[in-house]
Amino acid sequence: MMDKWMLLDGNSIAYRAFFAMPPLTNSAGLHTNAIYGFTTMLLKLLEDEKPTHVLVAFDAGKATFRHEGYAEYKGGREKTPPELSEQFPVLKELLQAFQIAQFELNGFEADDIIGTLTRLADEQKVETLVVTGDKDMLQLVSEHVTVALTRKGVSEQERYSPADIKEKYGLTPHQIIDLKGLMGDTSDNIPGIPGVGEKTALKMLHEFGTVEEVLANTASLKGKMKEKVEQHKDDAVMSKKLATIHREVPLAPEQEPEAIRYSGFNGPALADVLRRLEFRSVQERLGLSGEGSGSAGEAAELNLTPIESAEDAKKLDELMKALEEEESGFGLYVEAIGENPHQAELVGLALAGAEAAYTLPFAALKEAFTEPLRSWLADPNKKKIGFDTHKVELALKWAGITLSGVSFDVQLAAYVIDPTESSLLLSGIVHRYEQPAVPSDESVYGKGAKLKVPAAAVLYQHLATKADAVRRVAPLQRDELKETGMLGLYDELELPLSVILAGMEHQGISVEKAELETLGSELERQLTTLVTEIYKQAGMEFNLNSPKQLGEVLFEKLGLPARKKTKTGYSTDAEVLEELAPYSEIVPLILHYRTLAKLQSTYVEGLLKEIREQTGKIHTYFRQTIAATGRLSSQFPNLQNIPIRLEEGRKIRKAFVPSEPGWTILAADYSQIELRVLAHISGDENMKEAFIKDMDIHTKTAMDVFGVTEDQVDSNMRRSAKAVNFGIVYGISDFGLSNNLNITRNEAGRFIEQYLGVFKGVKSFMDSIKVEAAKQGYVTTLLGRRRYLPDINHSNFNKRSFAERTAMNSPIQGTAADIIKLAMVNMNKKLGELKLRSRMLLQVHDELVFEVPEDELEQMKKLLPEVMEAAIKLDVPLKADVSFGANWYEAK
DNA sequence: GGCGTCACG
DNA sequence: ACGTACGTGACGCCC
């Protein structure tokens, strides 16, 4: 049998496990979470990989050779928390019972030991897997060596071959060192070159290859970048040196590769350690299991049939037959290139079943011979498994093709499974489910200016690979949704909603160009006056839109007192300017300028650019897979942040009008939905009572917090109470509240204490949700939507505090999002059942906007708030206020 | 591209 | 001691 080595970076994995896992202890009070995470990962690896040799390398706890050249190496790092330190000796004992070799070496880190063994592996051509949480180790990747980086704590790994590194970074493994040399690494206190991040560093390396070549060619760099690189040449060289793993460490005679051969654990010894740790599930697993669970799928071999023209009609028949007969469902991948689906370029599509895959250029879909396929696409009873079908359905609508009957969407499922996942690319999703790899779109199409559609053979292979991947991943995701209790949320809410959104987006909303232009010229006039006056008072002309120049004028030329700083200089935000107002007459003018300039650039000019010439409409794109809480977001343009708070800006809304004569804009918004949700989930009797009696919640809060009667509540008290209520929803802190109300932290603290004394149910909710988050690692909404909080047990106060506030806020904001989504699905159903012509146009988090024909207005005025209020039954009533008018401004 | 600023809920 | 309110997207500046 061929040897297979597995080399684990002990410190790195233990750290990752510690921060990712809830704080477990055994009954003796010993913390065990890092050991537990380490153990479950190790077991899975042993089962899946079946290595012949296993090593866990540890850092020796002393200064390494890296400190000799650079004393600050790994400086500024948080000290290892004692809850973790105490776990190392036990972990080592456990590994000993596993009979797994452990190496450490004075003066060297685990990296260097592993680096040396991988060198031997390369020389001896032994297949080797390195497991670590440290990206630096990617430099060790080779033909024989694969590096697995831990993800989501340690429960998953992402594996890198040289091809993967090429694909992700466009670099060879060895160039990872150069990458670190240029960009540095804050976690190890490696400086790199300031101002050079990953993007810039990669660009330079793609051009020059190494740090040395970059430094030798600074002449061809430009501007500030050139200056910075030249100034920090030595840092780059030193950083590269620090990032370089030492691959020739002097291993002791007993540290020869043969010493790490793995031939199974010492049963009694292991049982003993596991008993002390109280890892019963692990004990059971080892008692029962021999051969492990499934491994990564074999490379996908596709039986690929291209269908290009009417001459391929026979093949199309074959496809249609296959679509009829396939039982497990066909994967459908339609490629729409471009971020904005309203103007995406449809290039082709692929359909993949268990037996075969078929591809078509998009143009073929417009030809007569593909009619059967178009009918199949449009048939709601023919089930399709797709990817980003919201975007695809919308892009297809513009091309006159209907897509219906999507029974599963892999991207949407990935979002529901983990809404904080930053990349929902198919290539990444496929990786997480250990399915045959899919090349990234970027590697096939390029990006930016270099984006182009490749040769047909390459394109169709790619599309077929994706369709096949979609087909494979879908059932695995369905199982995961079921296991996590989110299948209902997915099937009955998110998937139907995606179809509704595509309809709203395609429908669009009419915007009157002339109205915006009138507003624009009025703004222009006022801006000119303001600019002239500001220049006059400043005694000079400068670019008012440049915070840098404005800062210089205010704080240097005019000598106003500077308070706040940003990373790059003086802060000039509205909060700072408002404080400065008493010092100079120029300040209010600048504030006013900012307000109007924002309106002009973002709303007047920005929206005018988005109006379609032919229809006079604006079509936004609601994104369903972005917000971590379950909210929607809106892009190209964002119609969820049209001004309303200030009258000057609110006028923008006059331009949003019905698309047919005689129709009306009808809007309804939930009143205090987040606080009502809080009242429900916290069960706070006092707050529930306020809503049941339909009281003004801020007034009620003021009465209770200040201990006064209703008529004693003045506007100031109500304002403070309102701020506290907001704070509660956001996961309150005295600092945040003091900042908002401009009071001291102590005063804010007393406020909060008062509040929580009156709303005791809220207090216990805030406490228990944090405990729940720490225990489970996630929080949920009323419909079971999860948000994972990996930092909830972090030793860093800031990270942990942020996670705690998120734990308090997400169930509230997320449940409110669930509720309005339910209302949208129900409302859409009603419109269909009642055969109404009214159209849903926009969703703005707690508001729905419709356009309605005259003869439906009375009915809709009743129906809409009814449906919204009945979306879900809470312990308090939901309330929706309805309004209407000739435009969105009038509907207030 | 990263940052500062500001629009919304 | 820590030094932030939650969630988004778009603009202009400056490199």
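Reminder, nothing fancy here: chain letters follow the sequence lines and each chain counts from 1.
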Atom pair distance, as rounded to whole Å: [atom1] in [X] and [atom2] in [N]:
| X | N | atom1 | atom2 | answer |
| --- | --- | --- | --- | --- |
| A/Gln672 | B/dG9 | CD | C1' | 12 Å |
| A/Ile652 | B/dC6 | CD1 | P | 17 Å |
| A/Leu608 | C/dC11 | CG | P | 12 Å |
| A/Ile642 | C/dG9 | CD1 | P | 14 Å |
| A/Met183 | B/dG1 | CE | P | 16 Å |
| A/Ile626 | B/dG9 | CD1 | C1' | 17 Å |
| A/Lys892 | B/dG9 | NZ | P | 14 Å |
| A/Gln843 | B/dC8 | CD | C1' | 12 Å |

Is any side-chain nitrogen or oxygen of [X] closer than 4.0 Å to OP1 or OP2 of [N]?
| X | N | answer |
| --- | --- | --- |
| A/Gln549 | C/dC14 | yes |
| A/Ser634 | C/dT8 | no |
| A/Thr566 | B/dC3 | no |
| A/Asn545 | C/dC13 | yes |

query: Is NZ or CZ of A/Arg787 both nearer than 6.0 Å to the six-membered ring centre of A/Tyr778 and within 45° of the ring axis?
result: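 Output no; distance or angle outside limits.
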
Pi-cation contact, A/Tyr570 with A/Lys565 (under 6.0 Å, within 45°):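 Here A/Lys565 passes the 6.0 Å and 45° test against A/Tyr570.
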
task: Examine the side chains of A/Tyr593 and A/Asn545 and answer whether a donor and an acceptor come within less than 3.5 Å of each other.
output: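 On atom types as modelled, these side chains qualify, holding a pair under 3.5 Å.
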
Close approaches to DNA chain B from residues 591-603 of chain A, in residue order (heavy atom, under 4.0 Å):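 The answer is A/Arg594, A/Lys598, A/Tyr603.
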
query: Stepwise, does the ring-ring contact (aromatic ring centres under 6.0 Å, His included) test hold for A/Phe656 with A/Tyr889?
result: CA-CA 8 Å; A/Phe656 288 77; A/Tyr889 177 92; over 10 Å; no

Involving DNA chain C, stems made of at least three consecutive Watson-Crick or G-U pairs, both distances under 3.5 Å: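 Paired runs of 3+ in DNA chain C: B:1-9 with C:6-14.
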
Pair [X] + [Y], salt bridge at N-O below 4.0 Å:
| X | Y | answer |
| --- | --- | --- |
| A/Arg653 | A/Glu890 | no |
| A/Glu494 | A/Arg785 | yes |
| A/Arg750 | A/Asp734 | no |
| A/Glu605 | A/Lys609 | no |

At 4.0 Å (heavy atoms only), tell me whether [X] reaches a base, stays on the sugar-phosphate, or touches nothing.
| X | result |
| --- | --- |
| A/Ser571 | sugar-phosphate |
| A/Leu632 | nothing |
| A/Asn638 | sugar-phosphate |
| A/Ala817 | nothing |

message: Once rounded to the nearest 0.5 Å, what's the spacing between atom CD1 of A/Ile769 and atom CE of A/Met766?
response: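 Between A/Ile769 CD1 and A/Met766 CE, I get 9.0 Å after rounding to 0.5 Å.
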
Spacing of the [atom1] atoms in [M] and [N] (rounded, Å):
| N | M | atom1 | result |
| --- | --- | --- | --- |
| C/dT4 | B/dT5 | P | 15 Å |
| B/dA7 | C/dC2 | C1' | 31 Å |
| C/dA5 | B/dG4 | P | 13 Å |

message: Exactly one of A/Glu674, A/His698, A/Gln672 should register a side chain to side chain donor-acceptor pair (under 3.5 Å) with A/Asn725. Which one does?
response: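 Single pass found, and it is A/His698.
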
I want to verify a distance call: between [options], whose nearest atom is closest to the [X] side chain?
| X | options | result |
| --- | --- | --- |
| A/Ser633 | B/dG9, C/dG7, C/dG9 | C/dG9 |
| A/His845 | B/dC3, B/dG9, B/dT5 | B/dG9 |
| A/Ala628 | C/dA10, C/dT8, B/dG4 | C/dT8 |

message: Check for me whether the distance between the ring centres of A/Phe759 and A/Tyr755 falls short of 6.0 Å.
response: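 Yes, close enough.
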
field: Validation row, ring centre A/His794 to ring centre A/Phe802 under 6.0 Å
entry: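 No, ring centres 6.0 Å or more apart.
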
message: Show the nearest heavy-atom pair for residues A/Gly520 and A/Val604, with the distance to one decimal.
response: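 Reported closest heavy-atom pair: CA-CG1, 3.8 Å.
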
message: For nucleotides 1-6 of chain C, give me one character per nucleotide, 5' to 3': B if any protein heavy atom sits under 4.0 Å from the base, S if the only such contacts are to the sugar-phosphate, - if neither.
response: -BBBBB

